[in-house]
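Heads up: the structure comes next, in structure tokens.
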Amino acid sequence: MVMATTQQQPVQQIQQLQSTNPVEVYSALRTIKNAIIGSNAKKTLYYQLQIIPHVSSLLALDDTDVQIRVQATTIVSSLAHKGEDVAQQLVDGGVMEALIGQVMPGTDAALMEASERALNALLGYKATRMGAEEHTHTMVPYLLSIITEAKESPRMFEMRMHARVELAVLILEKLCVTEARQFTVANTGAMDLLAPLLQRGYPRLQVATLRAFAALSYENMEISRALATVAHDGRMFPQLVAELARHSDADVRLHACLCLANLSRMRALGDARAVLTVAVPALAKLLRGSDVPRLQVIEALGYLCHEDAEIQMAAKNAGAVSDLVAILAEIESQDGADFVDHARNVQETRAVFLALGTIVSAGEECRMRAVESHAMAHLVRALGHSDDGVKAAACLCTQYIVRSVPICRTHVPESGLLRPLLALVRSSATSVQEKATAALINLLPDFSPLRADALKEGVVDVLAQLVESEHVTIRRNALWGLRNLLVGTDDDTRRQIIEHVGIARLSTLAQTGDKAVREQAAGVLQNVTAENEVGAQAVFDALGAPQVVKLLQTLLASEDSAVTVHALYLANNIAVRERSLCELIVGDRELLQTIVDYARSPVSEAAIGALWCINSIASHRADGDSDSSEPRFLAQLEAQNVQSMLETLLGDPGLCLGVRDRVKSCLDYFSSPAI
Amino acid sequence: EGDNTDYHSSNEQGADEDGWPAYDEELQFAMDSDDDDGEASGAEVSCEPLPTPEQLIETQSWSTWPTPCHDLYSGSRFSGTQSNGTRSYIVTVSLKYVDMGVPELCGHFTICGLTSELPKLTTFFDAQIVGAGGHSFITNQWDASIDTDRTHWDFFAAFRPYRNRFDSRDFAYRLTSSDRYVFMRWKERFVVPNYKLSRINGASYEGFYYACYDREEGSITGYYFHKDSDHYQCLKLSHMRQTSFSHFELA
């Protein structure tokens with residue numbers, strides 16, 4: 001009986017929204033508004049009672065009373081905080097149009113402010129921001145007018161005015177979710193208008209402004225470079241932001257660092273010192289503190305360090321590597337504990353591995369610091385995590401840490417890394433398998449002690465199966481792993497790979513389909529045929545001479561330089577073997593011509609590959625191995641004017657040194673054919 | 001702007017001022033996987049959502065193709081001797097990974113007959129390449145003074161043009177792709193395969209080698225230095241020619 005009574009009131013309130021009496025409608029709205037603000041449970045209740053269509057229709061009606069609009073708008077604002085789904089439903093219900101209409105000049109001030117808050121709340125999600133495309137051109141000038149008005153108003157120092165400007169700036173920030181929108185905002189003169197707000201002395205407004213600048217400049221080189229030239233009070237924007245990175249308010253510091261990170265990534269800072277000496281230490285210090293959400297700091301650090309070796313070193317020197325590993329240890333110690341936000345811990349764990357991965361991606365010193373901080377143990381543990389995002393991030397971090405010969409030889413063998421990694425390679429979500437196979441690639445070269453263990457664990461079989469994966473990245477990684485495995489391997493492993501994958505399959509993969517897969521397949525074929533005759537013979541046995549010639553012709557016709565380089569070395573590896581194998585290359589005039597033409601390639605790797613092939617062809621003697629015999633295929637090479645081509649190349653003063661040396665070696669066969 | 005000490009920035013800017021070609025330019029690779037789709041970068045303004053920082057971090061856009069330097073490439077081998085004038089030992093060097101774009105060069109150094117306990121001793125070494133990666137002729141570590149540097153580099157005829165200025169503040173030696181000689185310091189780090197072994201009776205790897213690779217000759221000459229060791233232990237290696245080639249990349 002009690003429950004029914006409690007439920008009735010909300011139902012009655014919803015029904016009352018359809019009353020023709022505006023007083024009753026207003027009363028119901030006000031009651032609902034007061035109930036849902038700050039209460040997720042009540043939001044859920046009224047959402048389930050279908051409040052959205054009611055408020056949407058109230059706002060859509062032209063003759064709805066202002067006071068009713070204010071209440072309805074506030075309800076929209078509150079509901080929007082519930083989550084992306086609800087916000088999207090509100091947008092789908094047409095509230096955005098109504099809200100924009102309510103912020104136009106001439107509207108009641110209270111309604112205007114409520115509408116701005118509602119817009120800010122609605123745009124708090126990626127989907128709704130993207131969906132605001134058609135309204136952007138209307139909203140932007142309006143938002144900028146709020147800032148202009150505040151600047152010119154005698155009330156400009158009032159808190160209320162600052163709060164309104166802050167809202168306007170936050171909405172501007174939220175609109176910049178595509179490159180097109182960034183330019184739309186930037187082209188209205190927003191940067192010059194916003195710059196003075198950085199010095200207003202109100203941290204909330206400064207944070208909002210920094211967020212807007214960060215959103216404008218994010219991954220946008222043109223705007224970042226333009227921003228670097230914006231000045232206020234005689235100081236350039238980077239200088240202003242660098243000062244804010246030393247602000248007493250931690251939120252201001254964090255968002256100033258984000259701005260600097262954006263400019264740094266876009267190479268818009270002429271002098272990197274602001275990043276190295278200000279942003280990096282500031283972020284490292286924030287990482288150790290608790291003034292701002294740690295997740296944001298970790299993500300900012302990872303982004304800042306991405307693809308910049310100098311900043312990665314600075315981060316390492318600021319202690320970020322050991323601090324990040326310490327965070328992992330702290331989170332692990334909370335496993336299974338009560339009153340812990342485990343969802344947040346999962347997010348942070350993932351972010352830590354991504355950030356750590358970027359910091360160690362390029363430099364040996366950073367990797368060593370991570371290893372010395374006992375990162376390996378955390379990595380191994382994370383490979384068995386229940387969350388796929390954590391596993392994938394741990395695999396990425398693993399990939400970059402083991403991208404090191406000394407680390408592979410020392411810390412990796414005893415880490416216990418291989419089995420959990422192989423387990424993920426064998427069977428896991430696609431996103432995890434992609435990263436796991438990428439990490440495995442770096443554990444399979446011949447300098448890695450884990451190669452032998454991986455072979456015992458059946459890695460050839462696993463990779464051969466993954467070559468048939470429906471996911472391109474996994475196929476590519478599987479082939480890449482096999483390619484690395486073939487270098488310096490024994491004949492048993494070579495034969496095992498040939499048998500499990502198949503030369504015919506490799507040939508098909510090298511000639512058709514995705515570019516990245518073709519590259520790796522061509523590389524596998526090159527490596528299969530290197531080091532001894534086992535692979536070359538297997539290629540001929542599997543394909544037959546005409547198909548081998550066709551394969552080489554197709555690969556050499558590729559526009560992808562990596563494929564052609566692999567093909568040239570594949571041709572070389574075949575040509576250097578038995579005379580009968582070499583004859584097949586030499587016997588095809590077109591193929592031989594293509595190879596000879598590559599000797600003149602502006603790509604030195606390709607030229608060198610072609611010259612090695614010519615060298616190998618010329619090395620075959622008429623009567624076995626006797627040095628006094630004539631080169632067997634000299635006539636065919638001379639028919640292609642190879643000697644003349646080589647002499648012309650040698651006369652080129654601009655010829656790359658590496659190519660020049662190979663040309664000289666080749667010419668030895670022509671200048672003294674019967675040494 | 002970036003020099004070849006920064007592998008990524010040299011790749012972004014094409015050939016750097018030292019002439020080491022950026023691999024995406026020379027091999028016409030796309031560093032950026034977007035180039036696979038043939039899109040002209042910057043040609044159109046995109047209405048697609050901007051990638052998140054996480055998405056960017058998960059995407060690797062730099063080239064993984066290592067840059068060799070003639071006979072200095074991953075898998076290359078050199079053989080020869082190390083001698084102190086009275087005794088001579090057979091030495092083999094196997095380069096495990098070479099990428100001049102980083103720069104990075106490391107490998108295994110095997111010496112035969114140095115001690116009775118270990119008829120064959122292999123150590124892992126890595127190299128500092130002079131004129132790249134921020135390394136100059138001045139060692140400034142491993143107990144090597146400026147005079148030590150001068151004495152040892154002077155053993156190389158190729159060093160003569162620099163001997164009077166190598167320690168000057170105004171002198172900045174930069175290695176280029178057209179240089180005949182590559183000066184290096186080789187530092188042995190640990191024993192292979194037992195990396196935990198810190199001491200070996202009768203042998204030491206606490207010093208380092210001053211080394212010079214001659215592209216035209218295909219040879220490496222080196223002089224070992226340790227403050228407590230025999231002076232002028234000389235290393236002479238020749239490239240072991242290969243005729244077939246494999247290739248690997250680190251992801």
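Order of the sequence lines fixes the chain letters, A, B, ..., with proteins taken first and strands second; residue numbering starts at 1 for each chain.
Salt-bridge annotation for Arg518(A) and Glu559(A): absent, with no side-chain N of the basic residue lying under 4.0 Å from a carboxylate O of the acidic one.
With chain B as partner, the option from Leu396(A), Val177(A), Thr410(A), Val405(A) having the largest number of non-hydrogen pairs under 4.5 angstrom is Thr410(A). Contact count versus chain B (heavy atoms, under 4.5 Å) is highest, among Asn484(A), Asn477(A), Val576(A), for Asn484(A). Counting heavy-atom pairs closer than 4.5 Å to chain B, the top residue among Tyr303(A), Tyr400(A), Trp480(A) is Trp480(A). For chain A, the option among Arg189(B), Glu216(B), Glu58(B) with the highest count of heavy-atom pairs below 4.5 Å is Glu58(B). Considering only heavy-atom pairs separated by less than 4.5 Å from chain B, the leading option among Tyr569(A), Trp612(A), Phe183(A) is Trp612(A).
Only the backbone of Gln242(B) comes within contact range of chain A, with at least one heavy atom under 4.5 Å from a heavy atom of that chain. Heavy atoms closer than 4.5 Å to chain A are found in both the backbone and the side chain of His247(B). Using a 4.5 Å cut-off between heavy atoms, Asp71(B) contacts chain A through its side chain alone, with no backbone atom that close. With a 4.5 Å cut-off on non-hydrogen atoms, Asn615(A) touches chain B through its side chain but not through its backbone.
Aromatic ring centres of Phe447(A) and Tyr97(B) lie farther apart than the 6.0 Å criterion allows.
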Donor-acceptor pairs are to be reported for all side-chain atoms of residues 103-110 of chain B against protein atoms at under 3.5 Å, with residues two or more places apart or in another chain.
| unit_1 | atom_1 | unit_2 | atom_2 | d |
| --- | --- | --- | --- | --- |
| Thr110(B) | OG1 | Thr122(B) | OG1 | 2.9 |

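Checking each of Phe245(B), Trp65(B), Phe248(B) against His566(A) for a ring-ring contact (aromatic ring centres under 6.0 Å, His included) leaves exactly one that passes, namely Trp65(B).
Using modelled atom types, one finds a donor on one side chain and an acceptor on the other under 3.5 Å when comparing Ser244(B) with Arg577(A).
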